[in-house]
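First comes the structure, then the notes that go with it.
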Amino acid sequence: MQETASQYIARINSYLGNDDVLTVLSQTPQALQELLKNVPEQVLRQRPTPEKWSVLEQVVHLSDVEIVVGFRVRFVLGAEDGAPIVAFDQDRWQQAFRYNERDLAPTLESFRAARENNLRLYRSLTAAQWEKYGMHSERGKETVRAIVNLQGGHDRNHLKQMQEILAQGKAAVSR
């Protein structure tokens, strides 16, 4: 059964908890670097099941989402409240952009650079800017704060998934 928009928001926000989102977002590039150092290519590209993404696919997804979220925040900040925020189909992007064929090092570098740029923007926002909002085509009204908070939970969700995949891979190798 597919999650509703409100179930998705609740699940993703649960990964952030009460932690400061800017701290979480600033830690993700280094956490990825540490998690993925010395992981063999085969392990990076191996899917745990045919319908689940590989570790590499998740990293590329995080990098693409960083661009999307940065754009969304800028769009909402530069528009009248209620401007439309268009959703995207992550599985279509994964297929169309052949995530599992990408290289890890440039993907991590692109992610890190985009994240640093976005964090500079987020740290400069006024209280009023954090409350500006757009209308997401699937999730409804989203303030800049809500968009950024989802991003922090989204980071943690994917880090957790990658850790689980890598742990399973290590167990399979040691058998």
Side-chain angles (χ1 to χ4, degrees), residues 8-9 11-13 15-16 19-78 85-125 134 136-139 142 144-169:
Y8 172 79
I9 291 167
R11 181 175 62 83
I12 295 300
N13 281 333
Y15 293 113
L16 182 61
D19 293 340
D20 176 68
V21 69
L22 298 183
T23 300
V24 171
L25 293 175
S26 69
Q27 293 170 343
T28 301
Q30 185 62 37
L32 282 170
Q33 201 73 33
E34 288 296 314
L35 179 65
L36 302 176
K37 72 178 178 190
N38 303 321
V39 175
E41 282 286 320
Q42 178 185 348
V43 174
L44 285 174
R45 296 176 192 279
Q46 185 174 341
R47 289 176 145 213
T49 64
E51 67 280 354
K52 298 283 186 186
W53 288 3
S54 70
V55 169
L56 179 60
E57 288 169 317
Q58 292 191 53
V59 174
V60 176
H61 169 69
L62 284 174
S63 185
D64 277 358
V65 166
E66 191 63 29
I67 295 165
V68 169
V69 169
F71 171 79
R72 285 179 178 167
V73 167
R74 285 164 177 80
F75 181 75
V76 168
L77 289 170
I85 301 170
V86 178
F88 71 98
D89 184 329
Q90 66 184 20
D91 291 315
R92 289 188 110 173
W93 280 37
Q94 177 273 329
Q95 293 167 4
F97 307 138
R98 298 187 303 274
Y99 281 4
N100 222 20
E101 296 175 24
R102 304 278 274 284
D103 292 321
L104 180 63
T107 300
L108 285 172
E109 179 54 27
S110 295
F111 174 73
R112 185 201 55 74
R115 175 58 58 88
E116 285 179 8
N117 189 46
N118 286 337
L119 280 167
R120 278 192 294 279
L121 171 64
Y122 304 155
R123 289 182 178 122
S124 76
L125 298 179
H136 191 281
S137 59
E138 294 175 346
R139 297 189 295 257
E142 285 190 337
V144 168
R145 182 177 315 284
I147 293 168
V148 174
N149 282 343
L150 273 176
Q151 187 180 26
H154 183 259
D155 278 10
R156 285 190 167 167
N157 176 50
H158 282 286
L159 282 167
K160 178 179 177 282
Q161 290 174 8
M162 287 184 260
Q163 290 165 342
E164 289 169 358
I165 291 169
L166 292 172
Q168 291 169 357

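Excluded from the calculations below are hydrogen atoms, water molecules and symmetry mates; all remaining heavy atoms, backbone and side chain alike, are included.
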Residues which pass side chain to side chain donor-acceptor pair (under 3.5 Å) with E116, listed by chain and number, not counting sequence neighbours: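 E116 satisfies side chain to side chain donor-acceptor pair (under 3.5 Å) with R112 only.
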N38: what forms a side chain to side chain donor-acceptor pair (under 3.5 Å) with it, not counting sequence neighbours?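 With neighbours one apart ignored, the set is empty.
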Applying salt bridge (charged side-chain N to carboxylate O under 4.0 Å, His left out), can you list everything that pairs with [X], at least two apart in sequence or on another chain?
{"X": "R98", "result": "E101"}
{"X": "K52", "result": "none"}
{"X": "D103", "result": "R45"}

Rounded to the nearest 0.5 Å, what separates atom [atom1] in [X] from atom [atom2] in [Y]?
{"X": "Q163", "Y": "R156", "atom1": "CD", "atom2": "CZ", "answer": "11.0 Å"}
{"X": "L22", "Y": "Q151", "atom1": "CG", "atom2": "CD", "answer": "9.5 Å"}
{"X": "N149", "Y": "E142", "atom1": "CG", "atom2": "CD", "answer": "10.5 Å"}
{"X": "R145", "Y": "L150", "atom1": "CZ", "atom2": "CG", "answer": "13.0 Å"}
{"X": "Q90", "Y": "Y99", "atom1": "CD", "atom2": "OH", "answer": "8.0 Å"}
{"X": "Q58", "Y": "L36", "atom1": "CD", "atom2": "CG", "answer": "10.0 Å"}

If you compare all heavy atoms of [X] against all heavy atoms of [Y], which two are closest, and at what distance to 0.1 Å?
{"X": "Y15", "Y": "G153", "value": "CB-O, 3.6 Å"}
{"X": "R72", "Y": "V86", "value": "NH2-O, 2.9 Å"}
{"X": "W53", "Y": "I165", "value": "O-CD1, 3.6 Å"}

Look only at the side chain of [X] and the backbone of [Y], and say whether a donor-acceptor pair between them is shorter than 3.5 Å.
{"X": "T107", "Y": "V60", "result": "no"}
{"X": "S63", "Y": "V59", "result": "no"}
{"X": "R115", "Y": "L25", "result": "yes"}
{"X": "R74", "Y": "G70", "result": "yes"}

If you count every heavy atom of other residues, nucleotides or ligands that lies below 6.0 Å from R123 atom CZ, does the total exceed 12?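 Result for CZ/R123: enclosed.
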Quick check: are there more than 12 heavy atoms from other residues, nucleotides or ligands sitting under 6.0 Å from CD of E51?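 More than 12 within 6.0 Å, yes.
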Mind checking whether [X] and [Y] have side chains closer than 4.5 Å, heavy atoms only?
{"X": "Q46", "Y": "Q168", "value": "no"}
{"X": "I147", "Y": "I85", "value": "yes"}
{"X": "V144", "Y": "Y122", "value": "no"}
{"X": "M162", "Y": "L32", "value": "yes"}
{"X": "L104", "Y": "V39", "value": "no"}

Donor-acceptor side-chain pairing of N157 and Q161 below 3.5 angstrom: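 Yes, because at least one side-chain N or O of N157 sits under 3.5 Å from a partner of the opposite role on Q161.
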Test side chain to side chain contact (heavy atoms under 4.5 Å, CB included) on V55 and V43; report intermediate values, then the result. CA-CA 8 Å; V55 169; V43 174; 5.9 Å; no
Parallel, tilted or perpendicular: which fits the ring planes of F71 and F75, with parallel below 30° and perpendicular above 60°?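 Correct class here is parallel.
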Can you list the steps and then say if N118 with V73 is a side chain to side chain contact (heavy atoms under 4.5 Å, CB included)? CA-CA 9 Å; N118 286 337; V73 167; over 6 Å; no
Sequence neighbours excluded, which residues qualify as side-chain contact (heavy atoms from CB on, under 4.5 Å) partners of E34?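 By the side-chain contact (heavy atoms from CB on, under 4.5 Å) rule, E34 matches Q30, K37.
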